[in-house]
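Working notes, beginning with the structure itself.
Chain naming here is simple, since letters A, B, ... match the order of the sequence lines and numbering starts at 1 in each.
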Amino acid sequence: MLNYSESEMMAIAAGRLIKDGDIVFAGTGVSILAATVAKRIYAPRAVVFFETGGIDPSLDEIPMTVADLRVMSGTALNSGLIEAFSTIAHRKLRTVAFLGAAQIDRYGNLNTTCIGDYHKPQKRFSGSGGGNDVASLASGVISFMQHEKRRFVEKLDYLTSVGWYRGGGSRRELGLKRGGALAVVTNLALLRFHDQTKEMYLAEYFPGVSPEQVRENTGFELDVSGAKEAVPPTAEELAILREEVDPQGLICQPPQ
Amino acid sequence: MLNYSESEMMAIAAGRLIKDGDIVFAGTGVSILAATVAKRIYAPRAVVFFETGGIDPSLDEIPMTVADLRVMSGTALNSGLIEAFSTIAHRKLRTVAFLGAAQIDRYGNLNTTCIGDYHKPQKRFSGSGGGNDVASLASGVISFMQHEKRRFVEKLDYLTSVGWYRGGGSRRELGLKRGGALAVVTNLALLRFHDQTKEMYLAEYFPGVSPEQVRENTGFELDVSGAKEAVPPTAEELAILREEVDPQGLICQPPQ
Amino acid sequence: MKSCSEIADRLMSLDQAVDQFIFDGCQLALGGFTVTRNPMAIVYAIIRKGVKDLHLVAHSNGQALDILVGAGCVKRLEIAYGGNGRYAPTCIRFGRAVEEGAIEFEDYSNYQMALRFLAGSLSIPFIPTKTGLGSDLMERDGFSPEVRREEKVASRKYARIDNPFSGEKDEVALLPALNPDVALVHAQYVGEDGTVRIKGLTFADLEQAKAADKVIVTCEEIVPRSFIRQDPDQNSLASFFVDAYVKVPYGAHPTACFNFYDYDPKHLNLYRGAAEDDSRFKDYLEQWVFGVNSHEAYLEKVGTEMLLKIKASPGVGYAPGLDRR
Amino acid sequence: MKSCSEIADRLMSLDQAVDQFIFDGCQLALGGFTVTRNPMAIVYAIIRKGVKDLHLVAHSNGQALDILVGAGCVKRLEIAYGGNGRYAPTCIRFGRAVEEGAIEFEDYSNYQMALRFLAGSLSIPFIPTKTGLGSDLMERDGFSPEVRREEKVASRKYARIDNPFSGEKDEVALLPALNPDVALVHAQYVGEDGTVRIKGLTFADLEQAKAADKVIVTCEEIVPRSFIRQDPDQNSLASFFVDAYVKVPYGAHPTACFNFYDYDPKHLNLYRGAAEDDSRFKDYLEQWVFGVNSHEAYLEKVGTEMLLKIKASPGVGYAPGLDRR
């Protein structure tokens, strides 16, 4: 079996979820790796773009923020926030977004704002940024999370970005006509949402991880009944990730 | 006395109304001559721009429509309709627009849509274009008219562009926070609007025209009590108009 | 990355694009403004195919709109302005169709139409404005209540609300968004990667394209990926918005295309003369639309002499000294 | 036409621009995004002058926002995101100020803030959107009712209406427009005619500038009229929107400026380290803001070696191979 790190497994597991032709809203960190791996292996016609307005950059180097000069270099088109978010919302495009968060609930709603009281929080985070927008408007969201009980919670301290809201048809009733949480990729597992209830369930546990371990690190009841083990990264996936996508190791260090 | 044509007098009389630093929304025909004369003589810091999005073109040749390539050549900036009309509406700019019309009423409201019934008109014209927009949003409008009774009417067949609406404070009550009709330039005279009532009055009759003649060609009661004769075009004004602004004589033919 | 032509499967002929995307009754937005960058080549193909009952949504589209109306392709029209500047202060076939009651029509202003496309491009159902308050644009409906019930027709011309953020009375008009079935754009450049670049003024072309369900881009040149990506700040429309590409040099003739060619004054005057008389107009269509079976044949008919006369000078983007009377 | 410098009366020093346009309590929009094209040089001048009680209106402004908050210049904040990417996932002084209750704040999203600036730039009082429905952005107010009564603060965070053009229930959020007192923009080029050209992504800079009462543009280069007018399609902002111009090469340091220089990773890390500790942060301000009395002195302190390291390569617009850890 190949040797690989947690974040490499995460980038590759998420990258496999991208379909050819998808318009991929990437953030920084693991999400940019996932998007780039996807484009180079599974979805050559996917287009990577950023909320700041850069469409399909060459990404010869990894950007460190979504406003990095590297997201405006070699692009098809440079524009701005209005153009980027209206693209995310565009009904003729299948737009898929990667998001990270401090907390997630069973319906895939996200908190990137604060822990504790909103007005005087114990810990303040960056805030929505474009997270709320893509969660509201994109065709679907894939979230990256560290799998810890304090992050997978019964109730968010602040609901920054709407996933399936209160489950069932509640998202559509809000007036959000499409989209919702597609999947959650953690350092332990890949989680998905039940078709009808929109509750999170364990779809795949990563090699070396048990379903029980995933449950123990989840702060709400989790259906693990249909889970199977994920396919580990292939040699090709790892080679592309390490040699082409992030040769400087800025995001993922391969295991020592 | 110098020899000049009606349209030359009109272009120059209108050009004199432009203040230095004004942002001038020009159409085609006489209005582009007026704007250009103004800029070259009275208002060197005025900026001429077009509803199509061209700002401050070099105007080495006279454009024949507001989408003429000559309004996008040598400009400061090329944009589009949204940018142009939001510039017209911008509260920090004094934006002055030239408009023509088929009919005008005593409050400076304009009809560029039709004669007769709207649904089955006797004569259909081009429609609002940007006329309604600049009349609604600019700091002021200067209209060009042929001075005829059938054009200066008690009631417009169709109110395309709002001037002082029903007079007095009625324009402001509509929700139009600024602007209104500044002046009307015809082949006979320069007309303005009373401060309080916003009714049209004769300000200046052109050399060779009598106040009585203006009244006779106006379809509503016109106050001519304070009228004086207009200053005829100067040699400098005519020279610039003929030699620099429209040397090909595309808009104004000098008198034979 | 594919080295060349990521647009191969969307690159087609005029007739293919019309067959695939333009249908009887479809709501159509035309690019360009009066006598500039009208998508004439594909409009001729639409007329040749005999498409019927078009619903045009237009700000100041001139030549393309008038010939579509004149050729009997149009049933319904939302419009701000039908004119060709000095070549036809009111577009003649448009004016006549309204006077004869031959088409359903409704008047807006240019900014209103542009804002309606902007709203469509932003995926919002309406957009507020102050423009138009008090005018007959707001007081008089063009469409009948029956028409209002049809798909793609707004259920009302405007709505009005008081600004909910203001303490005092502050009325605002709400304009319904437009999402046409198809938008036609004529651009100077398309990259092999499908990126579109329009030079000069863009009018409302980009809002129209982003608001539409399907977009057909005709262009003067298809250029290498390396060219179009050298300065992406200049590009206008990403590949994923476009459904069909057609290369048609001089595809806007007799209207103008910045940096490529000026409008053709002789042809515009010829058209005006023809438009004034039903039988002459029929002859015009026979000669210039039905009688030429391809864009190449059309250009042959225009002739090299005129194509060279209207050729734009690189320094200024138009044809200096062109006899424009 | 004046041959040279139509901007002479608006061309000034950083201090003159701050003295003339920035006042205690003013509502300020910062250009740029996280670590790119932040108007740092003028922000340092604002801090040096000791401006107080600023009301920042921000989407994802990073470095400039954080140092203004840290220096105690900010009373009130409308914000979507306070972070510097990998250099500070949450801006440290911003986070602390919120945790300590030292500033009034209210959260929106990036698209919401950009749309609010767009509405301001279009002179419309609000703009509809679907983004944010159901989230705590819409459910939780940041500002107190007292603050809501102040000028330039929206009377409510959102309003909601049912789409009047839809037959069925279709809720839409209305966002209040923003019209800040002052917008700061750092651009690559200003022409002698006052035309502004931004290269690379424009973020929401243009909407912010057009929405503001006053606009200060700092720039890398002032270029001849002939240069800026050679391709007007590339230009960003007309001269009549701008109230002051300041030439400050490297004026966005330590943030990046496309085609000119990359962000300075060493300085961003230095800043992060300082921001984590009150006393170290005070030292940082002493050294880098109060202790340098001009932009030139600041650049001397950064040093030629670093300025050359971050210099952008013309082919790509950034500094390839720069050690960015």
Side-chain angles (χ1 to χ4, degrees), chain C residues 111 114-116 118-131 148-149 151 153-168 170-179 188-189 197-202 226 229-236 258-259 314-317, chain D residues 111 114-116 118-131 148-149 151 153-168 170-179 188-189 197-202 226 229-236 258-259 314-317:
Chain C
Y111 195 23
L115 285 170
R116 295 181 67 197
L118 176 65
S121 79
L122 295 175
S123 299
I124 58 180
F126 56 87
I127 190 161
T129 186
K130 290 276 185 182
T131 203
R148 294 232 173 274
R149 281 193 286 272
E151 212 195 344
V153 179
S155 62
R156 49 208 283 200
K157 194 177 180 190
Y158 301 85
R160 301 177 203 208
I161 61 167
D162 267 323
N163 171 8
F165 299 97
S166 172
E168 47 203 88
D170 182 25
E171 192 174 72
V172 181
L174 305 181
L175 302 167
L178 278 167
N179 288 110
Q188 281 87 347
Y189 300 108
R197 180 181 297 178
I198 294 175
K199 293 302 294 178
L201 301 177
T202 52
S226 59
R229 296 219 169 196
Q230 200 165 13
D231 188 358
D233 297 6
Q234 291 195 50
N235 294 338
S236 311
F258 191 60
N259 283 359
V316 294
Chain D
Y111 194 24
L115 286 169
R116 294 181 67 196
L118 176 65
S121 79
L122 295 175
S123 298
I124 57 179
F126 57 87
I127 191 162
T129 186
K130 290 275 186 183
T131 202
R148 293 232 173 273
R149 281 193 287 273
E151 214 194 342
V153 179
S155 62
R156 50 208 282 199
K157 195 177 179 190
Y158 300 87
R160 301 178 203 208
I161 61 168
D162 266 323
N163 170 11
F165 298 96
S166 173
E168 46 204 90
D170 181 25
E171 193 175 71
V172 181
L174 304 181
L175 302 167
L178 278 167
N179 288 111
Q188 281 88 346
Y189 300 108
R197 181 182 296 179
I198 294 175
K199 294 300 294 177
L201 300 177
T202 52
S226 59
R229 296 217 170 198
Q230 201 165 14
D231 188 359
D233 298 5
Q234 291 194 48
N235 293 338
S236 312
F258 191 59
N259 282 359
V316 294

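For I124(C), the part lying under 4.5 angstrom from a heavy atom of chain D is the side chain only. Of the two parts of L175(C), only the backbone, made up of N, CA, C and O, holds a non-hydrogen atom closer than 4.5 Å to a non-hydrogen atom of chain D.
With sequence neighbours left out, F165(D) forms a ring-ring contact (aromatic ring centres under 6.0 Å, His included) with no residue at all. Under the side-chain contact (heavy atoms from CB on, under 4.5 Å) criterion, S236(D) pairs with I198(D), L206(D), not counting sequence neighbours.
For chain D, the option among T129(C), L122(C), I127(C) with the highest count of heavy-atom pairs below 4.5 Å is L122(C). Across S155(C), A159(C), P176(C), P125(C), the residue that shares the most heavy-atom pairs under 4.5 angstrom with chain D is P176(C). Here L174(D) is the residue among I161(D), L201(D), L174(D), T202(D) with the most heavy-atom pairs under 4.5 Å with chain C.
Put simply, the side chain of D233(C) does not reach to within 4.5 Å of the side chain of R197(D), judged on heavy atoms. Counting heavy atoms from C-beta on, the side chains of R156(C) and P164(D) come closer than 4.5 Å.
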